[in-house]
Structure formats: structure tokens, C-alpha cells
Student: 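Following this message is one structure expressed as C-alpha cells.
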Amino acid sequence: DTAVSQTPKYLVTQMGNDKSIKCEQNLGHDTMYWYKQDSKKFLKIMFSYNNKELIINETVPNRFSPKSPDKAHLNLHINSLELGDSAVYFCASSPTGFWSPLHFGNGTRLTVT
Amino acid sequence: RKEVEQDPGPFNVPEGATVAFNCTYSNSASQSFFWYRQDCRKEPKLLMSVYSSGNEDGRFTAQLNRASQYISLLIRDSKLSDSATYLCVVTRGAGNNRKLIWGLGTSLAVNP
């Protein structure tokens with residue numbers, strides 16, 4: 001009964017390629033997120049969607065394009081991959097609320113060669 | 001200065017030890033507070049929320065000091081399985097304006 005599932009778990013690709021990561025949550029949450037965790041372990045918010053609407057877009061290159069077809073899904077498409085994009089990408093979801101914790105997927109480890 | 005700061009550690013303690021982590025935040029408008037735990041190569045998971053009056057969950061105790069703008073996590077009788085990185089999270093704003101600010105984490109290694 002996976003709550004937040006993201007695929008693929010590992011992604012190895014070459015510079016310049018385009019790739020997508022998918023995320024789905026079955027918790028009925030209204031808000032979904034994409035986070036990037038780099039080699040220094042810093043967890044950085046990239047995007048947040050609430051009921052399919054983009055609400056947070058932190059300074060992320062426009063090569064990264066999130067898409068939310070419905071509130072249970074938030075996919076991340078990355079164009080023209082660069083070496084610096086290598087990181088672990090976490091999808092997360094939360095209910096809307098003051099004390100709402102985040103539930104994370106198990107991450108996608110992206111390696112760009 | 002980062003908005004949320006933690007001592008990165010690593011803290012190396014023997015099994016059975018008591019260990020405490022602090023986390024300071026700079027924005028007095030911060031509203032809710034959490035500790036997350038992240039095991040090596042895994043996703044962060046909520047450990048506990050931190051309430052104004054302090055709260056306890058088994059061997060774990062969280063405290064909030066709004067005047068000094070810090071939160072703490074105390075782990076008693078450490079187990080090997082407590083080895084992980086502990087992330088402090090502070091939120092401000094509400095609804096669509098809610099922002100979560102993450103610390104860099106404190107690494108704990110519990111040794112046999």
C-alpha cells in the first residue's frame with residue numbers, strides 16, 4: 001500500500017537528453033511537491049501544487065517543467081539534462097493545514113553523465 | 001545566515017546514551033515545527049511535531065523555545081537503529097502561502 005510512489009527509482013542518462021519522473025499519491029492529499037536533494041544533502045523545494053494549481057515555483061531553470069493532470073499526480077519533466085542536475089529527486093504530498101506533515105516518495109536517483 | 005540552522009555533527013554516541021540536538025530559526029513569524037528523520041539513501045520521514053508545551057513520544061522528547069527561537073530533540077537510551085540524519089523543519093505562512101524551511105540535518109551514529 002504505497003502512499004507516495006515515484007518512478008523510476010534510478011535514472012542514468014547522458015547530458016542533453018530529456019527525461020521524466022512520475023509521482024502518484026493515494027492519500028487523498030491536496031498538495032504535492034518536488035524536492036531536490038544534492039550531494040551535500042540539502043533538501044530544496046522546487047515546485048508545489050495544490051489541487052493541480054502551481055503555488056510554489058522556486059528559482060528552478062525552465063528546463064524543469066512539472067505537470068499535474070489531477071491532484072493525485074505530479075510529474076516532472078526535465079529537458080536538456082546537465083551534469084549539475086544529478087541529484088535525488090523526491091516527490092511528496094501533504095494535506096492542506098497548518099500542522100500537516102509531508103509524506104515522501106522513496107526518491108529518484110538521477111545521474112547525468 | 002540560514003533561516004534554519006543545525007549542527008551538522010556527526011554525533012557519535014554509544015548505545016544507551018542520551019543525545020540532544022538543537023535547531024535555531026531566525027524568523028520569529030515561524031509557526032509550526034517538526035523533526036524529520038532520514039536514513040541513508042532513503043526518504044525523510046516525520047519523526048514528530050514540536051508543540052509549544054513540549055511533547056514526548058517514547059524515548060524522544062521535543063521542546064520549543066519561542067523566545068530564543070530554537071527547538072530541540074532529546075533521544076534517551078539510544079539504539080543502533082536511531083542512527084540517521086535528523087532534519088529540523090520550520091514553517092511560516094498558511095494555506096497556499098505556507099513555506100517549509102528545512103535545516104541541513106544533524107547526523108547521528110549510535111555505536112555498539
Side-chain angles (χ1 to χ4, degrees), chain A residues 2-7 9-10 21 23 25 27 29-59 68 71 87-111, chain B residues 2-11 23 29-53 55 57 60 62 64 71 73 83-109:
Chain A
T2 306
V4 181
S5 60
Q6 52 182 110
T7 54
K9 193 170 169 63
Y10 298 97
I21 309 172
C23 180
Q25 54 98 1
L27 296 166
H29 291 166
D30 292 326
T31 307
M32 294 186 73
Y33 311 79
W34 277 109
Y35 278 86
K36 178 180 179 180
Q37 189 168 43
D38 59 27
S39 56
K40 293 182 180 166
K41 306 298 182 191
F42 181 54
L43 204 59
K44 184 177 171 169
I45 181 77
M46 299 174 71
F47 301 102
S48 171
Y49 270 71
N50 183 273
N51 274 317
K52 302 193 299 175
E53 267 191 59
L54 179 66
I55 54 171
I56 292 176
N57 182 348
E58 295 290 308
T59 322
S68 182
K71 77 172 196 176
V88 181
Y89 291 84
F90 287 105
C91 176
S93 71
S94 73
T96 305
F98 205 61
W99 285 97
S100 301
L102 268 62
H103 297 253
F104 284 84
N106 54 18
T108 295
R109 188 169 294 273
L110 172 65
T111 304
Chain B
K2 291 190 176 62
E3 190 168 346
V4 174
E5 296 211 65
Q6 298 181 245
D7 181 342
F11 284 62
C23 167
S30 300
Q31 292 157 308
S32 52
F33 309 88
F34 304 89
W35 283 103
Y36 279 73
R37 167 198 170 126
Q38 186 172 22
D39 293 303
C40 188
R41 300 177 80 86
K42 299 280 191 185
E43 73 275 20
K45 289 184 179 174
L46 178 69
L47 179 66
M48 58 198 302
S49 305
V50 187
Y51 301 122
S52 296
S53 52
N55 47 300
D57 183 2
F60 298 85
L64 166 63
I71 66 172
L73 178 68
S83 299
T85 297
Y86 291 83
L87 297 155
C88 166
V89 183
V90 169
T91 76
R92 49 180 166 80
N96 285 353
N97 294 319
R98 181 181 180 234
K99 288 200 83 168
L100 281 74
I101 316 297
W102 293 76
L104 279 171
T106 297
S107 175
L108 171 67

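Note that the coordinates shown come from a computational prediction; the quantities given were computed from them, not determined experimentally.
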Student: Of all heavy-atom pairs between B/K42 and A/F90, which one has the smallest distance, and what is that distance?
Tutor: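 Answer, listing the atom of B/K42 first, then A/F90: O-CZ, 3.7 Å.
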Student: Using the rule given for side chain to side chain contact (heavy atoms under 4.5 Å, CB included), can you reason through B/Y36 versus A/L43, listing the C-alpha separation, both sets of side-chain angles and the distance that settles it, and then say yes or no?
Tutor: CA-CA 12 Å; B/Y36 279 73; A/L43 204 59; over 6 Å; no
Student: Heavy-atom distances under 4.5 Å only: say whether A/F42 touches chain B with side chain, backbone, both or neither.
Tutor: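 For A/F42, backbone and side chain are both near chain B.
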Student: Which atoms of A/E53 come close to chain B, meaning under 4.5 Å heavy atom to heavy atom: side chain ones, backbone ones, both, or neither?
Tutor: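 Contact with chain B involves no heavy atom of A/E53 at all.
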Student: Do B/Q38 and A/K41 pass the side chain to side chain contact (heavy atoms under 4.5 Å, CB included) test, and can you show the C-alpha distance, the side-chain angles, and the key distance before you say yes or no?
Tutor: CA-CA 10 Å; B/Q38 186 172 22; A/K41 306 298 182 191; 5.8 Å; no
Student: Give, as side chain, backbone, both or neither, the part of B/K45 having an atom under 4.5 angstrom from any heavy atom of chain A.
Tutor: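 For B/K45, no heavy atom lies under 4.5 Å from chain A.
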Student: Quick one: salt bridge (charged side-chain N to carboxylate O under 4.0 Å, His left out) partners of B/E5, sequence neighbours excluded?
Tutor: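 Salt bridge (charged side-chain N to carboxylate O under 4.0 Å, His left out) check on B/E5 returns B/R1.
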Student: Determine, using ring centers only, whether B/W102 and A/F104 are less than 6.0 Å apart.
Tutor: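 Yes, the ring of A/F104 comes within the 6.0 Å limit of the ring of B/W102, centre to centre.
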Student: Considering only heavy atoms, which portion of A/N106 lies under 4.5 Å from any heavy atom of chain B: side chain, backbone, both, or neither?
Tutor: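 Contact with chain B is through both the backbone and side chain of A/N106.
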Student: Using a cut-off of under 4.5 Å on heavy-atom pairs, state which of A/V88, A/L102, A/I45 scores highest against chain B.
Tutor: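 The candidate making the most pairs under 4.5 Å is A/L102.
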Student: How many angstroms lie between OG in A/S94 and CG in B/L46, if you round to the nearest 0.5 Å?
Tutor: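 A/S94 atom OG to B/L46 atom CG measures 11.5 Å (nearest 0.5 Å).
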